[in-house]
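Read through the structure below, which is laid out as structure tokens, and then see the notes.
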Amino acid sequence: MSKTKQKTPIELTVLEAAITTAVRRSDPNCEGFVGVVVGECHRKSMQDSNWTIRGIRFGTAKRESCNSAISLIVDRLQQQFEIKAQ
């Protein structure tokens with residue numbers, strides 16, 4: 001039997017701020033990054049995340065650098081957090 005790791009509930013705005021801060025700090029080319037829009041989504045299984053990125057605001061940041069950072073950061077955070085039920 002496999003154990004499912006419990007994900008920590010987090011508010012949508014807090015999650016968006018955490019992702020934005022992590023992207024900005026990830027690379028000097030991402031300092032001008034404005035932010036992300038996170039939205040809820042339906043899970044196919046309990047291991048899946050209940051949220052996804054719905055939009056990205058790059059601002060003056062380099063898209064290539066930010067896209068790489070976003071991919072890594074979101075993959076990690078989707079394993080740790082789920083959106084709180086409102």
Side-chain angles (χ1 to χ4, degrees):
M1 262 184 355
S2 67
K3 291 184 180 181
T4 24
K5 186 178 174 187
Q6 193 72 15
K7 295 182 182 182
T8 306
I10 190 169
E11 291 185 20
L12 195 66
T13 55
V14 174
L15 181 60
E16 289 175 340
I19 294 168
T20 299
T21 300
V23 171
R24 285 182 186 152
R25 291 180 179 172
S26 69
D27 189 312
N29 290 323
C30 296
E31 288 178 1
F33 185 73
V34 176
V36 295
V37 177
V38 173
E40 291 187 61
C41 64
H42 297 286
R43 308 178 200 215
K44 293 180 182 173
S45 73
M46 287 308 291
Q47 290 82 21
D48 290 345
S49 178
N50 71 343
W51 61 272
T52 189
I53 300 296
R54 297 279 186 205
I56 302 172
R57 296 174 298 223
F58 289 99
T60 59
K62 302 275 187 195
R63 288 177 181 255
E64 304 81 33
S65 300
C66 293
N67 276 333
S68 297
I70 290 167
S71 178
L72 294 172
I73 292 163
V74 168
D75 284 347
R76 180 174 42 92
L77 294 180
Q78 282 182 325
Q79 294 173 16
Q80 297 174 352
F81 298 103
E82 67 182 10
I83 299 297
K84 270 186 190 178
Q86 296 181 0

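Counting all heavy atoms, side chain and backbone alike, Cys30 lies closest to Ala61 at CA-CB, 3.8 Å. Contact detail for Asn29 and Cys66: the closest heavy-atom pair is O-SG, 4.5 Å. What you find for Arg43 and Ser49 is that their closest heavy atoms are CG-O, 3.6 Å.
Counting heavy-atom neighbours within 6.0 Å of Lys7 NZ, excluding the residue itself, gives a total above 12. Summarising the local packing, CD of Glu11 is surrounded by 12 or fewer heavy atoms from other residues, nucleotides or ligands at distances under 6.0 Å. At most 12 non-hydrogen atoms from other residues, nucleotides or ligands lie less than 6.0 angstrom from CZ of Arg63. The local environment of CZ in Arg76 is crowded, with over 12 non-hydrogen atoms from other residues, nucleotides or ligands closer than 6.0 Å.
Not one N or O on the side chain of Ser71 forms a donor-acceptor pair closer than 3.5 Å with the backbone of Asn67.
Atom-to-atom distance recorded for Thr20:OG1 and Ile70:CD1 is 8.5 Å, nearest 0.5 angstrom. Rounded to the nearest 0.5 Å, atoms NZ (Lys84) and OG1 (Thr8) are 11.0 Å apart. Here the CG-CD distance, from Leu12 to Glu40, works out to 7.0 Å after rounding to the nearest 0.5 Å. We find the CH2-CD distance between Trp51 and Glu82 to be 11.5 Å, quoted to the nearest 0.5 Å. Separating the CG atom in Leu15 from the CG atom in Leu77 is a distance of 6.5 Å, to the nearest 0.5 Å. Note that the CZ atom of Phe58 and the CD atom of Glu64 stand 9.0 Å from one another [nearest 0.5 Å].
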Intermediate values then yes/no, side chain to side chain contact (heavy atoms under 4.5 Å, CB included), Ile53 and Ile19: CA-CA 10 Å; Ile53 300 296; Ile19 294 168; 4.1 Å; yes
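Hydrophobic cluster membership is shared by Val14 and Val23, with clusters built from Ile, Leu, Val, Met, Phe, Trp and Tyr side chains linked at under 4.5 angstrom. Linking ILVMFWY side-chain heavy atoms closer than 4.5 Å, directly or via other members, places Val37 and Ile10 in two distinct hydrophobic clusters.
Here the side chains of His42 and Asp48 are not in contact, with every heavy-atom distance at 4.5 Å or above.
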